[in-house]
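A short worksheet on the structure shown next.
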Amino acid sequence: MCNFFDIHTHFPTGNAGVTELENLRFGQVASGRTKFCSVGLHPWYLKADGFDAEKQWLDQQSVLPGVCAIGEAGLDKVCDTPWSLQEAAFRYCIDVSETVQKPLVIHCVRAYNEVIQIKKHRKPKQSWIFHGFNKHPDTAQMLLKEGCFLSFGAALLKPGNHSAEAMRQTPVDRFFLETDDDPNVDIAAIYEQAALLRGISLEQLKGLMAENVRKCFGV
């Protein structure tokens, strides 16, 4: 029987039935509840006067064996961080992802076109995963067309949310599931809802997600 895989969480549970990738940013220390993590330069927390230290931290962390992905990293038009600093950090994370050959977990708010333009320019070899995806199916199709992966979370549990239809239309080998930053959401509930939406059994979905995680993260 396959475990559940939570590919992006800020609150790992340590549950023996769940393989969790804890997300860490500069200044954070791993909880010790899971041996797997992702590390990145989140656009919300960037500091111009600390950027060199943040990059050095990412360089050091990115090569550790328990680090399965780089991120979250990306662009956010809602936060206060200067756009130039966001772009610099995002591009640096892309470089690190390519250097260490680990996938990139992307935080994106109202900047999908900008992120895709960077992807087209950089032509990365590593997988790009848009985490916490809860946008319209048209946006999902745009990202899928560019070879990206989507990761769905608690939005699937909300009636009428766009992400449900987006997930239905996403090929089974191009999506993941996550709990993100909500400690009250159980990954099992997200799996159950996703299986219902896809019209497959829970065990089938667990097998599909296990294969996707193996191929993308090596876990």
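Sequence positions, counted from 1, serve as the residue numbers for this chain.
- Not one N or O on the side chain of Glu72 forms a donor-acceptor pair closer than 3.5 Å with the backbone of Leu41.
- Counting side-chain heavy-atom gaps under 4.5 Å among Ile, Leu, Val, Met, Phe, Trp and Tyr, the cluster of Val78 also holds Val109.
- Residues Phe130 and Tyr112 form a side-chain contact, since some pair of their non-hydrogen atoms from C-beta on lies under 4.5 Å apart.
- Taking the salt bridge (charged side-chain N to carboxylate O under 4.0 Å, His left out) definition, one finds that Glu146 meets it with Lys120, sequence neighbours left out.
- Judged by distance alone, the side chain of Ser163 and the main-chain N or O of Ala166 form no donor-acceptor pair under 3.5 Å.
- Interatomic distance, CD of Glu87 versus OG1 of Thr81, reported as 13.0 Å (0.5 Å rounding).
- Summarising the geometry, atom OG belonging to Ser38 is positioned 11.5 Å from atom CD belonging to Gln61; distances are rounded to the nearest 0.5 Å.
- When all heavy atoms are compared, the tightest approach of Ser31 to Pro12 is OG-CG, 3.2 Å.
- Interatomic distance, CE of Met142 versus CG of Asn113, reported as 5.0 Å (0.5 Å rounding).
- Taking 4.5 Å as the limit, every side-chain heavy atom of His131 sits out of range of all side-chain heavy atoms of Cys108.
- Shown are Leu85, Asp95, Leu75; of these, the side-chain contact (heavy atoms from CB on, under 4.5 Å) with Phe90 is made only by Leu75.
- Aromatic rings of Phe5 and Phe176 (six-membered ring for Trp) have centroids beyond the 6.0 Å cut-off, not under it.
- Contact record, Lys77 with Glu114: NZ-OE2, 2.6 Å, taken as the closest heavy-atom pair.
- With Thr179 contributing its side chain and Ile187 its backbone, the two residues share no donor-acceptor pair below 3.5 Å.
- Open room surrounds CZ on Arg110; 12 or fewer heavy atoms of other groups in view lie less than 6.0 Å from it.
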| query | Between His162 and Phe133, does a side-chain contact (heavy atoms from CB on, under 4.5 Å) hold up when you go through it step by step? | reply | CA-CA 9 Å; His162 287 310; Phe133 188 83; over 6 Å; no
Stepwise, does the side-chain contact (heavy atoms from CB on, under 4.5 Å) test hold for Val39 with Ile70? CA-CA 5 Å; Val39 293; Ile70 305 304; 4.3 Å; yes
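- Between Leu177 and Asp6, every side-chain heavy-atom pair lies at or beyond the 4.5 Å cut-off.
- Side-chain contact between Thr19 and Phe4 is absent, with no heavy-atom pair separated by less than 4.5 Å.
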*Give the C-alpha distance, both sets of side-chain angles, the deciding distance and a yes or no for side-chain contact (heavy atoms from CB on, under 4.5 Å) between Glu192 and Leu202.*
CA-CA 6 Å; Glu192 289 166 3; Leu202 178 59; 4.3 Å; yes
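- The heavy-atom pair separating Ala155 from Asn134 by the smallest distance is CB-CB, 3.7 Å.
- Checking side-chain atoms of Gln101 against main-chain N and O of Gln126 turns up no donor-acceptor pair under 3.5 Å.
- A tilted orientation is assigned to the rings of His107 and His42, their planes being inclined by 30° to 60°.
- Nearest approach of Cys68 to Phe217, heavy atoms of both residues: O-CD2, 3.7 Å.
- Leu196 and Phe152 fall into different hydrophobic clusters, where Ile, Leu, Val, Met, Phe, Trp and Tyr are joined by side-chain heavy atoms under 4.5 Å apart, directly or via other members.
- Arg174 places no side-chain N or O within donor-acceptor distance of the main-chain N or O of Leu150, the cut-off being under 3.5 Å.
- In this structure, NE2 in His121 is found 9.5 Å from CD1 in Ile94, a value given to the nearest 0.5 Å.
- For the pair Gln141/Lys145, no side-chain contact is recorded, criterion being any heavy-atom separation below 4.5 Å from C-beta on.
- A donor-acceptor distance shorter than 3.5 angstrom exists from the side chain of Glu20 to the backbone of Thr13, with no hydrogens or angles considered.
- When all heavy atoms of Leu205 and Ala194 are compared, the closest pair comes out as CD2-CB, 3.7 Å.
- Side chains of Gln204 and Arg198 form no contact here, defined as non-hydrogen atoms less than 4.5 Å apart.
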### Task
Show the numbers, then the answer: is there a side-chain contact (heavy atoms from CB on, under 4.5 Å) between Glu178 and Thr9?
CA-CA 7 Å; Glu178 63 174 74; Thr9 179; over 6 Å; no
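- The same ILVMFWY cluster, assembled from side-chain heavy atoms under 4.5 Å apart, contains both Val172 and Leu143.
- Contact between Asn3 and Ala16 at its shortest, heavy atoms only, is ND2-O, 4.1 Å.
- Taking hydrophobic clusters as Ile, Leu, Val, Met, Phe, Trp and Tyr residues chained together by side-chain heavy-atom distances below 4.5 Å, Val96 shares a cluster with Val67.
- In this structure a side-chain-to-backbone donor-acceptor pair under 3.5 Å is present from Asn23 to Gly71.
- Both tests do not hold together for Lys206 against Tyr191: distance to the six-membered ring centre under 6.0 Å, angle to the ring axis within 45°.
- Val63 and Leu24 fall within the same hydrophobic cluster, defined by Ile, Leu, Val, Met, Phe, Trp and Tyr side-chain heavy atoms under 4.5 Å apart, directly or through other members.
- Taking the side chain as every heavy atom from C-beta outward, Leu104 and Cys93 approach each other to under 4.5 Å.
- For the residue pair Glu22/Thr34, the side-chain donor-acceptor check at 3.5 Å is not satisfied.
- Leu64 and Val105 fall into different hydrophobic clusters, where Ile, Leu, Val, Met, Phe, Trp and Tyr residues are linked whenever their side-chain heavy atoms come under 4.5 Å apart, directly or through other members.
- Side chains of His8 and Leu21 form no contact here, defined as non-hydrogen atoms less than 4.5 Å apart.
- At distances below 3.5 Å, at least one donor-acceptor pair connects side-chain atoms of Lys102 with backbone N or O atoms of Ser62.
- Heavy atoms of other residues, nucleotides or ligands lying less than 6.0 angstrom from CG of Asp80 number 12 at most.
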Do any side-chain atoms of residues 44-58 form donor-acceptor pairs under 3.5 angstrom with protein atoms, and if so which ones, sequence neighbours left out?
{"from": "Trp44", "atom 1": "NE1", "to": "Asp76", "atom 2": "OD2", "distance (Å)": "2.7"}
{"from": "Glu54", "atom 1": "OE2", "to": "Lys47", "atom 2": "N", "distance (Å)": "3.3"}

